[in-house]
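Step one of this worksheet: look at the structure below.
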Amino acid sequence: MSRIEEALRKASRLRSGSGDSKISDKPDVDINTREKISRNIDATGIDNPYIVTLNEPGSPVAEEYRKLKSTIMRLTRQEGFKNTVMVTSSLSGEGKSIIALNLSITMSQEYDYTVLLIDADFRRPSLAGYLNITPEAGLSDCLVEGLDVGSVIVKTGIEKLSFLPSGKEVDNPVELFSSQKMQDLINEIKHHYPDRYIVIDTPPVLLFAETGLISSMADGTVFVVKEGLASLQNITEAIDSLKDSNVLGIVYNDVSLERLNGRHQYYQYYQYYNNYSKMKNPID
C-alpha cells in the first residue's frame with residue numbers, strides 16, 4: 001500500500017469514528033526602495049466564516065492551522081530560511097485558497113515574521129473577495145505593464161499581513177509565469193525582507209500548466225486534498241507532476257466528525273510527507 005493510500009485510509013477511519021480522533025496568492029522590478037502600500041483595509045470588515053484564524057481564533061480549526069504553521073516553519077528553517085511556500089491542489093474546489101489565507105494569517109501572528117500573501121491563480125482569483133477588497137491592480141499588471149510591485153501590494157488591516165492581488169485578467173498565464181520577468185519578480189520579493197514569509201496561492205496542478213512553473217520558484221509546496229473530491233489517481237498524478245518540487249506535506253481537508261452537543265463541525269486532519277519520499281508522523 002502506498003503512503004498516500006495509507007494517509008487516505010487513516011482519514012477515512014477518522015470519518016467513520018474509528019481510530020484516533022484527536023483534533024490533532026516591470027521587468028527587472030526594483031523593490032529596493034520603501035514598499036508603498038496602495039490601500040489600507042479595515043480587518044473588522046473581513047467577516048467570512050471560513051477565515052477562522054481571524055474570526056474564531058479559539059476554535060479547534062484555528063488550532064489546527066497553528067499546528068500546520070508550526071510544522072511548515074520547522075520544515076522551512078531546517079537549513080537556512082526557505083521563505084517561499086506555494087499552496088496548490090489536484091482539482092478546483094479543494095479549499096487551497098482558504099487554507100493559504102488562514103495559514104498566512106496564522107504565520108503573521110508570529111512575533112518574528114511578516115507575511116506576503118500572493119494570489120497567483122489568474123484563472124479563478126478568490127483571495128481579494130475573501131479579504132473583502134477590490135484591488136485596482138496586481139501581479140499581472142506588474143508583469144504586463146511594468147508596474148512597481150510595491151505600488152500594488154495591499155495592506156490588509158491584519159497586522160503584519162500584506163497582499164499582492166492577482167491583477168487584471170490575462171489571456172496567457174503560462175507565458176507570463178515562464179517569463180524572466182516573473183522569475184526576477186519572485187527572486188526580488190524572496191530576498192528583499194529577511195523576516196518575511198511568502199505564501200503563493202496557485203491554480204490546481206492537474207488543470208493548468210503554470211502551477212508547475214511556479215513550483216520551481218518556490219522553496220516548498222503544501223498540497224491540499226479535499227475528502228471525497230480528488231481520486232487517488234488524481235492525487236498520485238498531481239504529486240508526480242511536483243516530483244521536482246519540495247513537497248512539504250499534504251493537508252487532508254474538510255474531514256467531517258460528530259462533535260460536542262451533536263453539532264457537526266469541520267476541521268482539517270493533517271498528514272505530512274517530507275519530500276514525498278519519507279513519511280512523517282501525523283500531528284495529533
Side-chain angles (χ1 to χ4, degrees), residues 25 29 31-41 43 46 51-59 61-88 96-120 127-128 130-131 133 138-139 149-150 152-165 185-202 214-215 217-224 245-249 251 268 270 272 274 280 283:
D25 208 327
V29 176
I31 60 171
N32 292 317
T33 57
R34 183 179 64 84
E35 184 176 281
K36 298 178 286 295
I37 301 300
S38 61
R39 183 179 175 190
N40 294 332
I41 306 299
I46 305 174
I51 309 179
V52 293
T53 51
L54 184 66
N55 297 316
E56 297 183 55
S59 68
V61 183
E63 180 60 27
E64 289 305 308
Y65 279 112
R66 287 190 284 271
K67 293 178 182 178
L68 174 60
K69 175 257 307 183
S70 296
T71 298
I72 289 175
M73 286 187 165
R74 175 170 53 82
L75 292 174
T76 54
R77 293 183 300 192
Q78 287 181 345
E79 298 177 3
F81 181 34
K82 299 177 180 179
N83 66 335
T84 308
V85 178
M86 181 184 94
V87 182
T88 193
K96 63 175 181 59
S97 298
I98 284 293
I99 287 175
L101 178 52
N102 278 287
L103 175 61
S104 298
I105 293 171
T106 306
M107 284 180 156
S108 72
Q109 294 166 350
E110 282 282 313
Y111 180 80
D112 293 328
Y113 299 101
T114 62
V115 179
L116 174 63
L117 174 62
I118 301 176
D119 193 341
L127 292 174
Y130 289 128
L131 289 167
I133 63 175
L139 176 58
V149 66
V152 299
I153 288 176
V154 177
K155 187 174 181 180
T156 62
I158 301 169
E159 187 177 3
K160 298 196 297 180
L161 175 62
S162 299
F163 174 51
L164 177 57
L185 185 148
I186 293 295
N187 188 59
E188 289 290 331
I189 292 174
K190 283 175 65 171
H191 296 100
H192 187 60
Y193 291 99
D195 63 345
R196 169 178 277 179
Y197 268 101
I198 301 157
V199 179
I200 308 175
D201 181 31
T202 70
I214 301 171
S215 71
M217 306 176 203
D219 296 317
T221 298
V222 174
F223 186 76
V224 178
S245 306
N246 179 23
V247 179
L248 299 172
V251 175
Q268 282 69 46
Y270 303 111
Y272 292 96
N274 184 12
K280 303 183 74 66
I283 294 180

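Keep in mind that the numbers below use all heavy atoms, side chains included, and drop hydrogens, waters and symmetry copies. FYI, the numbering just counts along the sequence from 1. Because the structure is predicted, anything quoted here is derived from the model rather than measured.
- For E110, the salt bridge (Lys or Arg N to Asp or Glu O under 4.0 Å) test picks out K69, with sequence neighbours left out.
- Taken to the nearest 0.5 Å, the OG1 atom of T76 stands 8.5 Å off from the CG atom of D219.
- In this structure, S108 contributes its side chain and V115 its backbone to no donor-acceptor pair below 3.5 Å.
- The only member of L164, I189, L117 that meets side chain to side chain contact (heavy atoms under 4.5 Å, CB included) when paired with I153 is L164.
- In terms of modelled atom types and a separation under 3.5 Å, the side chain of N83 and the main chain of I198 share no donor-acceptor contact.
- Here the closest non-hydrogen pair linking A62 and E56 is CB-O, 3.4 Å.
- One N or O on the side chain of T202 and one on the backbone of V87 form a donor-acceptor pair closer than 3.5 Å.
- Between the OH atom of Y130 and the CD1 atom of I98 there is a distance of 4.0 Å, given to the nearest 0.5 Å.
- The backbone N or O of D201 sits nowhere less than 3.5 Å from a side-chain atom of K96 that would complete a donor-acceptor pair.
- With hydrogens and angles ignored, the 3.5 Å screen pairs no side-chain donor or acceptor of H192 with any backbone N or O of E188.
- Under the 30°/60° scheme for interplanar angles, the aromatic rings of Y197 and F81 are found to stand perpendicular.
- Atom CE of M107 and atom CG of L68 lie 7.5 Å apart (nearest 0.5 Å).
- How far CG of N187 is from OG1 of T84: 9.0 Å, rounded to the nearest 0.5 Å.
- Between the OG1 atom of T221 and the CD1 atom of I214 there is a distance of 10.0 Å, given to the nearest 0.5 Å.
- For N102, the side-chain hydrogen bond (donor to acceptor under 3.5 Å, both in side chains) criterion is met by T53, not counting sequence neighbours.
- At least one side-chain heavy atom of F163 sits under 4.5 Å from a side-chain heavy atom of I133.
- In this structure, I99 CD1 and Y65 OH are separated by 4.5 Å, a value rounded to the nearest 0.5 Å.
- Of all the heavy atoms in L161 and S104, the pair that sits closest is CD1-CB, 3.9 Å.
- S162 places none of its side-chain heavy atoms less than 4.5 Å from the side chain of T114.
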